[in-house]
Protein chains: 2
Amino acid sequence: MPAKEQDKATELKRSLGIAAFVGKSLSDENRLRILLSLCNGRKTVSTIVEEMNLSQPLVSHHLKELRRCLLVKVERKGLFVYYDIADERIIDIIRRLAHLATDLLSQRDTF
Amino acid sequence: MPAKEQDKATELKRSLGIAAFVGKSLSDENRLRILLSLCNGRKTVSTIVEEMNLSQPLVSHHLKELRRCLLVKVERKGLFVYYDIADERIIDIIRRLAHLATDLLSQRDTF
DNA sequence: TACTTAAATAAGTGAATATTGATATATTGA
DNA sequence: TCAATATATCAATATTCACTTATTTAAGTA
């Protein structure tokens, strides 16, 4: 393997710890739904609660988790707290993951 | 939103359950390491055990998990059991996740 | 001040999961 | 059939995590 590729590979390996940390957020359907619902612009917690049809503390819990791994930004405006996607790339990753997952599943169901 | 985009959006939403199921595999560093180590071709369990520096039952457990969400293929050849990536797209997803994760972290550490 | 609404936190529960050490199963060759 | 090697599974533990109900904090308003 050329030196540059080698470097990239080691760099990738080194980042797997933090990748798994962020990846944890992708392991829960409710969090995926929340992230996806934010991709059209920031929303207040209560809006998310309504849209998701989840209890307010549960949404708050998941938002905290998403904050922990830096996937969302927060901004308070008076009574309301607005959440927003911190980096749009996570949406692309979720799309790819969903696509792959359905493909894998359909392949299995084909026989 | 145009009808086609709308369709895509609903299709995406529908797949979030299975996406989260597969996403669970991306939430553990050891599984990410195993997947990445398989991207250069299939390997036996004992090879993986050596490379990962993990106990054999633990590797077996994670491989079972990866099998459960169809991310790896298995083939027995005599004494040895070979594991291989089922769909290369998972490697790309891991790369993107790792890249995003390091970026998010470095942005935070910048202040 | 008291009242209202929004959001976060506390505390508790049950289920899932990562890990370990011991054991079982499978395959091959002597 | 026995021994050796490879892999899977079992049992036990510890931890994490999603979720609930109740409570608290924060901010705005009358």
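Every chain is numbered from 1, with letters handed out A, B, ... down the list of sequences. What you see is a predicted model; the values in this text were computed from it and never measured.
- With rounding to whole Å, A/Arg31 atom CZ is found 8 Å from D/dA18 atom C1'.
- Contact check on A/Lys8 versus A/Glu5 returns no salt bridge, with no Lys/Arg side-chain nitrogen under 4.0 Å from an Asp/Glu carboxylate oxygen.
- At whole-Å resolution of the value, CG in B/Leu79 and P in D/dA3 are 17 Å apart.
- Residue-level contact check: B/Tyr83 touches the backbone only, with heavy atoms under 4.0 Å from sugar-phosphate atoms and none from bases.
- A salt bridge is defined here as a Lys NZ or Arg NE, NH1 or NH2 lying under 4.0 Å from an Asp or Glu carboxylate O, and B/Glu75 with B/Arg42 meets this definition.
- Annotation: A/Lys24, atom NZ; neighbour count of heavy atoms from other residues, nucleotides and ligands within 6.0 Å is above 12.
- The nearest whole Å value for the distance from the CG atom in A/Leu66 to the P atom in D/dA18 is 10 Å.
- Note that the first and last nucleotides of DNA chain C, 5' to 3', having any atom under 4.0 angstrom from a heavy atom of chain A are C/dT5 to C/dT9.
- When the C1' atom of D/dT20 is taken as reference, atom CG of A/Asn30 falls 14 Å away, rounded to whole Å.
- Here the closest non-hydrogen pair linking A/Ala98 and B/Leu12 is CB-CD1, 3.6 Å.
- Annotation: B/Glu50, atom CD; neighbour count of heavy atoms from other residues, nucleotides and ligands within 6.0 Å does not exceed 12.
- Here A/Glu65 lies out of heavy-atom contact (under 4.0 Å) with every strand.
- Environment of CZ in B/Arg89: crowded, with over 12 heavy atoms of neighbouring residues, nucleotides or ligands closer than 6.0 Å.
- Applying the Watson-Crick and G-U wobble criteria (two distances, each under 3.5 Å), C/dA30 pairs with D/dT1.
- Across all strands, B/His62 comes closer than 4.0 Å only to sugar-phosphate atoms, never to a base (heavy-atom distances).
- B/Ser60 comes within 4.0 angstrom of a nucleotide base, judged by non-hydrogen atoms across all strands.
- The distance between atom CZ of B/Arg68 and atom C1' of D/dT9, rounded to the nearest whole Å, is 16 Å.
- Nearer the 5' end of DNA chain D, as judged by each residue's closest nucleotide, is the contact made by A/His61, out of A/His61 and A/Gly78.
- Of the side-chain N and O atoms in B/Ser46, one or more sit less than 4.0 angstrom from OP1 or OP2 of D/dT7.
- The nearest heavy atom of DNA chain D to B/Thr44 and to A/Ser55 marks one nucleotide each, and the one closer to the 5' end goes with B/Thr44.
- Side-chain atoms of B/Val45 lie closest to D/dT7 of the nucleotides D/dA18, D/dT7, D/dT5.
- Protein atom CD1 of A/Ile34 is 12 Å distant from nucleotide atom C1' of D/dA18, rounded to whole Å.
- Not one side-chain nitrogen or oxygen of B/Arg76 sits closer than 4.0 Å to the OP1 or OP2 atom of D/dA6.
- To the nearest angstrom, P of D/dT7 lies 10 Å from CD of B/Glu50.
- Between A/Glu29 atom CD and D/dA18 atom P the separation is 13 Å, expressed in whole Å.
- Residues A/Leu104 and B/Cys69 share a closest heavy-atom pair of CD1-O, 3.8 Å.
- Mapped onto DNA chain C by nearest heavy atom, A/Val81 and B/Lys77 fall at different nucleotides, with A/Val81 at the one closer to the 5' end.
- To the nearest 0.5 Å, atom CD1 of residue A/Ile48 and atom CD1 of residue A/Ile34 are 6.0 Å apart.
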